[in-house]
Amino acid sequence: MTTPDTLNLDAYFERIGYAGPREASLETLAALHTAHLGAIPFENVDVLFGRPIRLDLASLQAKLINRRRGGYCFEQNTLFAAVLRRLGFPVTTLEARVRPPGATRTLPRTHMVLRVELPDRAVLADVGFGGDGPLEPVDLDGRVSEQAGIAYRTVEEGSVRVLQIRSGDGWRDLYAFTLDEALPIDFEVANHYTSTFPTSRFVTTLTAQLSLPDERRILRDRTLTVRRGSAETHREIEDHEVLPLLREYFGLELPDDVHFQS
């Protein structure tokens with residue numbers, strides 16, 4: 001699948017504050033991955049207000065770059081895949097099933113991830129999973145990836161691969177995926193379900209998340225969680241604090257007609 005000529009690479013680099021190399025290398029990929037996560041928040045404000053989530057490249061650039069908004073996995077990883085392809089990285093888009101803690105049933109494929117081919121290996125890239133996601137690409141061969149004090153790995157489980165995060169003395173599943181390519185129409189269907197189904201967590205619960213190398217900021221409904229290394233703090237916020245928090249702490253440029261009430 002080719003990247004449309006409408007991609008404004010320079011505007012994207014300015015948005016994420018990136019001025020590094022542009023060759024298709026692991027170093028470039030890792031630097032872009034980290035910079036993207038630290039600049040473009042994971043958020044679902046438009047979903048909560050019933051606004052359509054469009055996955056065409058022009059709409060994604062208008063929202064995430066020009067209007068300095070964020071988005072969730074389909075938006076974030078579709079844009080990131082376009083950038084990587086423009087730089088010469090071979091990218092395959094994949095679907096994943098999220099495995100939240102305590103889940104007792106198999107969930108639908110409602111997460112988008114990327115397989116990126118490098119000269120000596122294949123890696124998983126994902127800038128759309130929020131506060132628990134990796135800061136950098138993770139090897140698909142099972143090697144442990146230590147990232148700012150957090151460890152990730154992928155393991156084989158029958159016909160699927162599973163991304164895991166180290167938790168205490170063990171490992172916790174984040175999501176499961178196959179290496180079969182998913183097409184844009186597959187993500188359009190999953191995006192429609194995720195953004196409109198009445199019981200979808202994105203339809204019912206506000207979230208904004210920003211992943212920095214030294215800090216993870218996570219807002220879910222009215223609970224603000226901040227993680228720094230092994231330390232974690234929580235604070236309950238009031239309705240009137242939500243909009244200033246999204247603007248100042250998460251860097252989202254939201255219009256004045258957006259209001260939040262419990």
Side-chain angles (χ1 to χ4, degrees), residues 16 18 20-21 23-40 42 73 76-77 80-81 83-84 87 89-103 106-107 109-182 209-218 225-232:
I16 68 171
Y18 180 77
E23 69 269 11
S25 67
L26 176 60
E27 292 73 22
T28 298
L29 175 60
L32 287 172
H33 202 285
T34 302
H36 182 117
L37 285 167
I40 306 181
F42 180 96
C73 68
Q76 301 268 12
N77 281 323
F80 197 56
V83 170
L84 296 182
L87 295 175
F89 290 94
V91 178
T92 304
T93 51
L94 311 174
E95 288 183 306
R97 300 181 191 272
V98 177
R99 293 182 172 181
T106 301
L107 299 180
R109 296 186 182 94
T110 56
H111 183 54
M112 178 182 186
V113 300
L114 309 175
R115 173 182 173 138
V116 183
E117 300 291 339
L118 299 168
D120 62 340
R121 71 184 79 174
V123 297
L124 176 74
D126 183 1
V127 294
F129 195 66
D132 283 333
L135 289 170
E136 300 177 3
V138 179
D139 285 298
L140 283 168
D141 63 5
R143 279 181 281 188
V144 174
S145 177
E146 297 280 352
Q147 304 179 9
I150 304 174
Y152 297 89
R153 70 178 184 182
T154 62
V155 297
E156 293 189 31
E157 183 184 282
S159 61
V160 302
R161 306 286 181 93
V162 181
L163 177 67
Q164 297 181 324
I165 184 172
R166 183 176 287 152
S167 179
D169 295 329
W171 294 86
R172 175 167 62 86
D173 293 352
L174 294 179
Y175 54 75
F177 58 97
T178 74
L179 299 181
D180 297 328
E181 182 178 15
Q209 304 179 39
L210 192 65
S211 297
L212 304 166
D214 59 349
E215 183 175 276
R216 307 285 182 116
R217 303 173 183 176
I218 302 168
T225 300
V226 179
R227 298 175 186 158
R228 298 185 182 95
S230 59
E232 183 171 294

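No side-chain donor-acceptor contact under 3.5 Å links S211 to the backbone of D132. Using modelled atom types, no side-chain atom of R115 and backbone atom of E181 make a donor-acceptor pair closer than 3.5 Å. Not one N or O on the side chain of T34 forms a donor-acceptor pair closer than 3.5 Å with the backbone of E136. When atom types are taken as modelled, the side chain of E95 and the backbone of A182 share no donor-acceptor pair closer than 3.5 angstrom. Judged by distance alone, with hydrogens and angles left aside, the side-chain atoms of D141 form a donor-acceptor pair with the main-chain N or O of R143 at under 3.5 Å.
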Evaluate the side-chain contact (heavy atoms from CB on, under 4.5 Å) criterion for residues V123 and L140: first the C-alpha distance (whole Å), next the side-chain angles of each, then the deciding distance (0.1 Å), finally the verdict. CA-CA 5 Å; V123 297; L140 283 168; 5.6 Å; no
Check step by step if side-chain contact (heavy atoms from CB on, under 4.5 Å) holds for V162 and R99. CA-CA 9 Å; V162 181; R99 293 182 172 181; 3.7 Å; yes
Would you check, one step at a time, whether the test side-chain contact (heavy atoms from CB on, under 4.5 Å) holds for N77 with V127? CA-CA 6 Å; N77 281 323; V127 294; 3.2 Å; yes
Verdict with reasoning, L37 to F42, per side-chain contact (heavy atoms from CB on, under 4.5 Å): CA-CA 8 Å; L37 285 167; F42 180 96; over 6 Å; no
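Closest approach of A31 to Y18, counting heavy atoms only: CB-CE1, 3.8 Å. Of all the heavy atoms in E23 and P21, the pair that sits closest is OE1-CB, 3.1 Å. Closest approach of A148 and P213 over heavy atoms only: CB-O, 3.1 Å. Closest approach of G131 and R216 over heavy atoms only: O-NH1, 2.5 Å. Between F177 and A96 the shortest heavy-atom distance is CB-CB, 3.9 Å. A pairwise comparison of heavy atoms in A30 and P137 identifies CA-CD, 3.8 Å as the closest pair.
In this structure, the side chains of T93 and L114 come closer than 4.5 Å at one or more pairs of heavy atoms. You'll find the side chain of L26 stays beyond 4.5 Å of the side chain of D120, heavy atoms only. Taking 4.5 Å as the limit, every side-chain heavy atom of F129 sits out of range of all side-chain heavy atoms of L163. Contact check for R161 versus L179: side-chain heavy atoms found under the 4.5 Å cut-off.
Going from atom CD of E232 over to atom OG1 of T225 covers 5.5 Å, rounded to the nearest 0.5 Å. One finds the CG atom of L118 at 8.5 Å from the CG atom of D139 (value rounded to the nearest 0.5 Å). Atoms CE and CD, on M112 and Q76 in that order, are 11.0 Å from each other to the nearest 0.5 Å. With rounding to the nearest 0.5 angstrom, the CG atom of L174 is 11.5 Å from the OG1 atom of T154. Between atom CG of residue L210 and atom CD of residue E215 there is a gap of 8.5 Å, rounded to the nearest 0.5 Å. If you take CG on L135 and CD1 on I150, they are separated by 6.5 Å, rounding to the nearest 0.5 Å.
Checked against a 6.0 Å centroid threshold, the rings of H33 and F80 count as neighbours.
Below 30°, between 30° and 60°, or above 60°: for H111 and Y175 the angle between ring planes is between 30° and 60°, a tilted geometry.
The pair D173-R97 does not count as a salt bridge, with every side-chain nitrogen at least 4.0 angstrom from each carboxylate oxygen.
R153 CZ: more than 12 foreign heavy atoms inside a 6.0 Å radius.
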